[in-house]
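Report on the following structure.
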8 protein chains.
Amino acid sequence: MRKLLEGVAAGTLAVDAAARQLETAPFTDLGFANVDHHRAMRDGLPEVVLALGKTPGQVAAIAAEVFAAAGRVLVTRVEPPHLDALQAAIPGVQCDIHARLAWHDPHPRPREGNVAVVSAGTSDIPVAEEAALTAEMMGANVHRHFDVGVAGLHRLAGRIDGLRAANALVVVAGMEGALPSVIGGLVANPVIACPTSVGYGASFGGLAALLGMLNSCATGVTVVNIDNGFGAGFMAATINRLAVAPR
Amino acid sequence: MRKLLEGVAAGTLAVDAAARQLETAPFTDLGFANVDHHRAMRDGLPEVVLALGKTPGQVAAIAAEVFAAAGRVLVTRVEPPHLDALQAAIPGVQCDIHARLAWHDPHPRPREGNVAVVSAGTSDIPVAEEAALTAEMMGANVHRHFDVGVAGLHRLAGRIDGLRAANALVVVAGMEGALPSVIGGLVANPVIACPTSVGYGASFGGLAALLGMLNSCATGVTVVNIDNGFGAGFMAATINRLAVAPR
Amino acid sequence: MRKLLEGVAAGTLAVDAAARQLETAPFTDLGFANVDHHRAMRDGLPEVVLALGKTPGQVAAIAAEVFAAAGRVLVTRVEPPHLDALQAAIPGVQCDIHARLAWHDPHPRPREGNVAVVSAGTSDIPVAEEAALTAEMMGANVHRHFDVGVAGLHRLAGRIDGLRAANALVVVAGMEGALPSVIGGLVANPVIACPTSVGYGASFGGLAALLGMLNSCATGVTVVNIDNGFGAGFMAATINRLAVAPR
Amino acid sequence: MRKLLEGVAAGTLAVDAAARQLETAPFTDLGFANVDHHRAMRDGLPEVVLALGKTPGQVAAIAAEVFAAAGRVLVTRVEPPHLDALQAAIPGVQCDIHARLAWHDPHPRPREGNVAVVSAGTSDIPVAEEAALTAEMMGANVHRHFDVGVAGLHRLAGRIDGLRAANALVVVAGMEGALPSVIGGLVANPVIACPTSVGYGASFGGLAALLGMLNSCATGVTVVNIDNGFGAGFMAATINRLAVAPR
Amino acid sequence: MRKLLEGVAAGTLAVDAAARQLETAPFTDLGFANVDHHRAMRDGLPEVVLALGKTPGQVAAIAAEVFAAAGRVLVTRVEPPHLDALQAAIPGVQCDIHARLAWHDPHPRPREGNVAVVSAGTSDIPVAEEAALTAEMMGANVHRHFDVGVAGLHRLAGRIDGLRAANALVVVAGMEGALPSVIGGLVANPVIACPTSVGYGASFGGLAALLGMLNSCATGVTVVNIDNGFGAGFMAATINRLAVAPR
Amino acid sequence: MRKLLEGVAAGTLAVDAAARQLETAPFTDLGFANVDHHRAMRDGLPEVVLALGKTPGQVAAIAAEVFAAAGRVLVTRVEPPHLDALQAAIPGVQCDIHARLAWHDPHPRPREGNVAVVSAGTSDIPVAEEAALTAEMMGANVHRHFDVGVAGLHRLAGRIDGLRAANALVVVAGMEGALPSVIGGLVANPVIACPTSVGYGASFGGLAALLGMLNSCATGVTVVNIDNGFGAGFMAATINRLAVAPR
Amino acid sequence: MRKLLEGVAAGTLAVDAAARQLETAPFTDLGFANVDHHRAMRDGLPEVVLALGKTPGQVAAIAAEVFAAAGRVLVTRVEPPHLDALQAAIPGVQCDIHARLAWHDPHPRPREGNVAVVSAGTSDIPVAEEAALTAEMMGANVHRHFDVGVAGLHRLAGRIDGLRAANALVVVAGMEGALPSVIGGLVANPVIACPTSVGYGASFGGLAALLGMLNSCATGVTVVNIDNGFGAGFMAATINRLAVAPR
Amino acid sequence: MRKLLEGVAAGTLAVDAAARQLETAPFTDLGFANVDHHRAMRDGLPEVVLALGKTPGQVAAIAAEVFAAAGRVLVTRVEPPHLDALQAAIPGVQCDIHARLAWHDPHPRPREGNVAVVSAGTSDIPVAEEAALTAEMMGANVHRHFDVGVAGLHRLAGRIDGLRAANALVVVAGMEGALPSVIGGLVANPVIACPTSVGYGASFGGLAALLGMLNSCATGVTVVNIDNGFGAGFMAATINRLAVAPR
């Protein structure tokens with residue numbers, strides 16, 4: 001803004017043009033979506049496209065626009081029809097259909113730091129992978145610890161040093177969602193708790209796990225939405241980035 | 001009623017006939033539905049038919065009856081089977097299948113005033129279109145502002161003057177439903193907040209957005225049911241009509 | 001903004017000063033509250049102070065600051081301790097303790113238009129009065145219709161013409177919250193439905209009335225939060241202002 | 001029991017046999033269901049079979065057993081596969097697939113009294129028919145009043161005398177469920193309110209209508225489960241039987 | 001209405017006067033309440049006053065007005081301050097402070113028929129008494145069966161014949177609310193199930209009992225709001241009246 | 001029953017008397033409560049009196065009746081006014097006011113077996129003591145392990161052998177309620193999980209802990225109501241009794 | 001551990017090896033699941049595999065690994081695709097597709113003791129069978145009592161002695177879930193209450209039954225998750241084992 | 001552990017003593033609480049004492065024990081009675097009664113880094129202060145931005161650079177809880193969203209704000225429990241520590 005004002009002061013920028021520029025953010029309007037090209041600089045990740053509720057055509061058009069501008073793209077909550085459209089629009093796009101992610105990243109950044117992604121059960125792996133792949137795409141080294149839920153604590157025993165070495169941990173669990181409390185009591189660095197909808201009956205689609213995590217008696221635990229592996233991985237990688245390249 | 005009573009007093013109307021008339025409202029009984037022909041006068045919109053829960057045959061019969069009496073008709077929550085029956089019953093019927101609307105309006109009224117329809121995300125567009133098309137059919141000029149959610153406020157920047165020019169605004173949002181609060185803080189005219197079921201996990205089918213909007217800290221915001229684009233558009237057009245042709 | 005930019009272009013405003021002005025909105029910072037002096041122009045109402053959750057001292061300080069700047073002030077959700085502090089800080093302040101409102105408005109604007117405030121029961125009157133007093137302070141003529149709930153429809157009979165004459169209606173009801181649907185079917189102008197927490201058992205603090213109003217089968221009905229008489233009255237007065245002095 | 005004890009006292013019944021008889025209620029054990037042949041005498045209706053959650057084979061076997069013992073049978077919550085099995089097992093069985101009822105009643109009892117079944121909307125008719133057919137099978141004259149919801153009260157006007165003539169009324173409504181309150185205020189006899197799952201968004205599968213009815217401000221209104229047309233019709237017919245043939 | 005129209009036809013009633021009469025229902029407007037004098041004829045009970053949410057002064061004024069017109073009055077949900085005001089306004093008023101009822105009925109009608117009021121526990125007695133006293137005031141003989149909950153079925157054993165003799169039964173229960181299902185399986189006449197807020201933890205203020213009763217597997221059971229002893233007693237007495245004096 | 005029938009057969013018992021005996025269960029009717037003297041034999045515990053919702057006078061009268069018949073008595077959910085009445089009615093009555101228990105047991109049975117009572121936090125101790133005292137009164141040896149929640153697993157380390165030695169374990173926890181899952185994974189004998197209302201915000205009065213426990217991924221865990229220490233202790237003692245004195 | 005430490009003290013075990021052994025629990029890591037071979041010893045049941053949320057390939061691989069180590073295996077929540085994969089991986093595997101169980105147990109242990117499994121309705125049988133088959137596989141004699149719900153108590157009459165003979169009872173019920181309270185009042189041994197999702201409307205997927213059971217007024221009743229027949233059967237068999245082979 | 005094992009191998013540590021040490025974690029058992037002296041090293045904060053649900057005596061004893069061992073202590077959710085006991089037990093203890101915190105920290109660590117604490121309204125300040133004071137005690141520089149909610153976005157304008165400079169941000173909001181989404185869209189570093197119970201009606205004690213934050217459409221936002229300012233401040237300070245002193 002200061003640069004713009006200096007242009008106005010210097011007479012190299014007309015008042016009208018300056019007013020227009022101040023009002024116009026740097027995004028591309030596709031008619032049904034405003035693609036934001038500023039975010040990559042800010043977030044360490046190009047615009048992420050949430051496929052949920054969008055038509056395959058919309059998803060493909062937005063993702064292609066992002067890729068053209070940013071050189072890489074990540075799409076979350078991808079269903080098979082979205083994938084078909086993405087593959088037609090962006091040659092070389094990769095996907096993990098269980099994690100419901102698609103991405104194209106021809107020039108991946110080098111990985112650094114240490115993020116741990118832990119799952120309580122085998123059924124929680126798709127959400128855990130969503131977190132792990134997101135964090136990797138943001139440049140984090142990721143260590144996976146799957147199926148180490150609280151009903152068999154000895155499975156955690158050999159892993160404690162590994163967990164303590166992580167700058168940030170994503171802990172994914174359905175059913176009663178108790179694992180983040182246990183791990184939060186074992187480590188000093190931030191734990192991002194991610195409830196899943198794995199369960200039945202009184203799990204109410206992940207509500208039980210969500211409430212359990214929000215009421216965690218361990219310190220250093222914060223929570224994301226049910227099944228939001230992307231959000232958890234994003235947060236862990238953001239913290240990891242601060243730890244390896246502090247401001 | 002007074003006219004009727006004068007007829008009785010003058011002896012031009014028999015007591016029996018008057019009693020029957022007082023008891024009989026001006027509607028047509030189809031057996032499974034009472035079609036109300038008074039409403040058009042009152043509401044500025046012919047009887048609207050809610051297709052939800054009705055069979056295709058019922059929807060088509062009611063809509064045809066409305067069209068015969070009022071010269072136009074609007075059907076909401078239309079699914080493809082309803083549409084087939086409508087097209088058979090009312091030649092020339094139009095539809096927007098994403099917005100789940102069908103209508104036939106051969107002699108549309110001229111549009112006037114200014115209604116803004118704003119959507120937070122691309123996924124909210126079907127509900128936003130339901131609002132916009134409803135308001136247009138009721139005679140409002142409608143300006144659409146789509147995909148301008150709160151996580152990228154700069155997308156709103158160039159639009160504030162446009163939003164302030166509207167007599168009434170429909171603001172459609174899913175997930176956390178925060179956009180009506182932000183826009184309510186920027187404009188002086190009424191904001192009709194419409195939550196959508198876009199989201200997952202703890203959105204609980206739109207409940208999170210609904211609660212967010214009901215608790216809005218901005219003044220001048222009222223709320224309709226989840227995904228009720230029709231109701232929001234109807235209210236905005238009603239207010240717009242008051243503003244351009246006040247009583 | 002344009003004026004400011006012209007100053008920069010003309011050299012009468014330094015770049016630094018302009019940058020600072022662009023960043024500084026016209027509000028007063030009391031340390032614990034940012035009092036917004038722009039709103040009166042925008043909303044037709046001076047900054048409204050929500051006393052809920054604030055200490056008496058905070059409420060009195062904010063209200064006095066608003067009154068000093070705007071010449072009038074309205075405080076909602078006032079409890080007796082707030083009132084004591086307000087009376088000390090703003091001599092002449094008025095209040096309706098049932099409606100939990102306090103206000104000082106030495107030069108009230110002339111009233112115009114027509115707003116109806118309807119209550120289903122006697123117990124709903126405090127919320128209805130909150131709506132009515134708010135609308136009056138915003139310059140609306142208000143007509144009250146109290147205790148006319150749906151279990152005795154004949155009580156509505158003599159009032160229908162009065163209700164139809166209003167530019168906007170606030171309909172306040174607890175328990176099953178059915179009155180807005182009934183009135184929405186009788187009038188053409190906007191109905192603002194305000195649920196109250198009056199009830200017991202399965203009313204769940206007003207939830208039953210709220211859900212009833214959100215699911216209203218009548219068109220032209222929108223909803224505010226439980227017991228939010230202020231918000232309902234504000235919206236009705238805003239619509240009334242459009243109707244009497246359209247843009 | 002006294003007769004049995006007298007047999008024991010007289011020596012015509014052995015102690016062992018008496019003990020066994022006291023322990024054995026008069027029902028037939030099919031292995032997966034205990035069919036109760038006492039109920040017909042008690043309830044005025046043969047054992048009713050709830051098909052929900054049962055396999056087609058189970059439903060057909062239970063219904064055939066009931067029919068063999070009682071001479072008639074009513075099956076509720078029938079889905080098409082159940083119907084196929086029933087038609088094979090009980091020749092001549094009738095059904096109303098929208099109301100999800102099947103029945104066989106070769107020697108229907110004469111109808112008497114007066115039950116009114118009222119529906120708010122066209123979409124509520126399946127549940128209303130479930131109530132009406134149940135009441136008819138229990139021997140009640142039934143008068144149907146469909147699509148007379150509260151948003152168009154004039155549709156009720158010509159029907160009030162008819163409603164007041166009923167010994168009991170079933171009032172079926174979805175969405176906000178306000179109709180029972182309105183009718184409860186117009187009639188003196190019992191109103192059985194039956195919420196339906198018709199609606200969307202914040203209707204939460206009929207919860208809004210259910211809560212509305214439970215909080216009815218009208219006296220003489222009681223409520224059954226969502227979509228429980230059978231239960232409502234059963235209760236209305238039971239009351240009607242008391243009114244025409246009092247004890 | 002016919003009589004009025006005949007007056008108009010005969011010229012004995014002016015058009016204006018007739019119009020006014022058609023619009024004016026027979027109620028007294030106290031400003032804050034519309035007292036309905038029609039109801040006594042219709043319902044077999046004078047206007048009942050719900051004290052909940054009303055000030056003592058409002059309750060006393062409304063109750064006195066009702067008593068003056070109807071010769072008797074019943075007030076529900078009475079708290080001690082209401083009682084003081086009532087005793088001042090209506091000399092001789094009686095009350096049951098546990099049942100939260102106050103009434104004055106100098107010329108009680110003779111009692112007839114048979115209503116049973118059953119409570120599951122001792123803690124449910126206040127609500128059960130509210131039902132029993134209401135039914136008695138409406139002219140029913142009432143038989144009380146208290147503390148006979150399902151965890152000790154033998155307590156029901158000696159009472160079955162008594163329960164079967166009732167024209168209608170009110171069954172009051174908190175906690176799991178199972179008693180209406182058990183009794184509904186033992187009797188043929190209508191059971192009005194009344195949940196109470198007795199319980200703790202997952203009873204959620206009576207929600208558990210309410211849901212249990214709505215899902216009753218017994219036929220002939222309908223439900224009222226939590227703690228609504230008045231509504232349950234009113235319904236039972238209405239049914240009892242039909243049984244003893246059928247239309 | 002057989003003995004009674006034999007008396008009838010032998011002529012030593014009249015038919016009328018036998019009928020009366022079959023209908024009359026062995027309980028004392030106090031008017032407001034039916035005290036059940038059979039239970040002590042059946043349950044290993046005299047009738048337990050739940051004070052919740054009862055007046056002090058009712059509690060004292062019931063408890064005195066129980067003590068007179070059974071020689072001991074336990075009262076749960078005791079508030080101070082109940083205690084005063086109990087002390088007047090039953091000299092020597094003991095109490096633990098935090099656990100809300102009062103009891104009188106002059107001839108306690110010898111303790112045997114092994115029940116563990118575990119609490120997650122210090123704040124859960126009142127409910128844990130309610131369980132422990134109940135189990136002790138039923139004749140169990142009880143070992144207490146308090147403040148050993150999941151956020152500090154090392155606190156459990158030295159206790160595992162002790163926990164495994166118990167025939168049954170009560171595990172009491174509020175907040176996220178994770179402790180039963182962890183302990184359920186460490187022991188083979190039954191775990192009775194008891195959620196408490198300790199917590200705030202999204203604990204929703206113990207709902208989070210309750211849901212967590214119901215969704216436990218460990219086997220051998222069952223759940224009682226929120227804050228129901230009595231029920232948990234009762235169940236653990238019942239299992240302990242089976243283990244030490246099997247049938 | 002002591003043995004290991006003695007090895008270290010004796011020099012027969014290197015420090016490094018001992019540290020590794022202390023950290024390594026005896027489980028097999030399949031990459032996506034940690035199979036726990038300790039549990040069989042501890043629980044009397046080989047590792048149980050929960051198929052819910054796992055792919056058929058994952059389920060088959062885990063089950064085969066368990067079977068190879070333990071000589072038997074039980075899989076719960078099996079859907080047809082899981083079954084196909086299991087049959088390919090473990091020749092001779094058995095299944096009950098209604099109970100959603102698969103198992104292979106070539107050398108079943110002898111059955112002993114007495115567990116009763118009771119279902120309220122025919123529709124609850126699949127969950128009841130899940131409990132019964134689980135308990136049988138754990139070595140319990142199981143007696144089934146199906147379709148004996150509370151609306152027809154006489155169906156229980158002839159079964160009371162049988163129920164009282166059981167060391168532990170599983171009581172399965174949907175809808176209002178009242179049966180455990182009734183049975184809990186009739187027997188002295190532990191009752192495991194298992195709610196089912198059988199029902200509709202306000203049963204909310206089994207929530208009504210769950211809340212009913214948690215609020216049971218009978219002592220000796222604990223609760224498992226909705227539709228968790230496995231957990232209920234497991235607990236009952238665990239108690240039965242204690243009763244027949246006490247510690 | 002390795003050191004201990006080496007002692008055993010070297011014979012300097014007896015097997016028995018080693019076993020005991022392995023089982024005994026370094027905590028002090030006060031009978032009602034296990035005080036954990038390890039945590040300070042691990043967490044950067046001495047044991048924090050949650051006063052909620054504890055007696056004043058318990059709180060004071062635990063806090064004194066912590067202070068004796070760690071040289072400082074923080075107590076959360078302090079009510080006035082707790083404070084009295086704390087002041088007696090720990091001379092010099094400080095408190096902020098609005099933030100419900102008490103602490104004693106005679107040798108505070110130097111502050112470094114940058115944490116921002118933002119509140120939407122004045123009523124949210126107590127929770128915001130709880131976060132800010134916690135973060136300061138953990139060694140973070142804290143910048144407060146209070147009363148900058150979304151309904152007046154211009155109040156944020158002059159603060160954006162300040163917000164972007166923070167290593168981590170705590171954003172506290174009640175009512176609709178929209179502020180974290182807006183700020184999450186403006187900054188790149190982690191946002192910890194803390195809902196408050198400020199609000200009324202459909203805020204349901206903070207549930208609306210909680211759901212809004214969990215459904216945030218902005219990336220880089222995680223959530224803590226309602227009113228958990230301590231947890232939010234703790235997390236922000238933990239991230240800040242990583243950023244200034246990375247591993």
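No hydrogens, no waters, no symmetry mates; every other heavy atom, side chains included, goes into these values. Residue numbers begin at 1 in each chain, while the letters A, B, ... track the order of the sequences. Please read all numbers here as calculations on a predicted model, not as lab measurements.
Pairs of residues two or more places apart, or lying in two chains, never qualify as salt bridge (Lys or Arg N to Asp or Glu O under 4.0 Å) while including a residue from residues 211-230 of chain G.
One finds the CG atom of Leu207(E) at 7.0 Å from the CG atom of Leu207(G) (value rounded to the nearest 0.5 Å).
In terms of heavy-atom pairs under 4.5 Å with chain E, the best-connected choice from Ser181(G), Gly199(G), Ala120(G) is Ser181(G). For the set Gly212(G), Gly201(G), Ser216(G), the count of heavy-atom pairs under 4.5 angstrom toward chain E peaks at Ser216(G).
In this structure His145(G) satisfies the side chain to side chain contact (heavy atoms under 4.5 Å, CB included) test together with Ala116(G), Val118(G), His143(G), Arg159(G), Leu163(G), sequence neighbours excluded. Partners of Gln94(G) under the side chain to side chain contact (heavy atoms under 4.5 Å, CB included) rule, at least two apart in sequence or in another chain, are Trp103(G).
Across Leu214(G) and Ala202(E), no two heavy atoms sit closer than the pair CD1-CB, 4.2 Å. Nearest heavy atoms, Asn215(E) versus Ala208(G): ND2-CB, 3.3 Å.
For residues 168-179 of chain G, the interface with chain E (any heavy-atom pair closer than 4.5 Å) comprises Met175(G), Glu176(G), Ala178(G), sorted by residue number.
In this structure, chain E has a heavy atom under 4.5 Å from the side chain of Phe204(G), while its backbone stays farther away.
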Exercise. Verify side chain to side chain contact (heavy atoms under 4.5 Å, CB included) between Val150(G) and Val150(E), making sure each step is shown before the conclusion.
Key: CA-CA 10 Å; Val150(G) 298; Val150(E) 297; over 6 Å; no

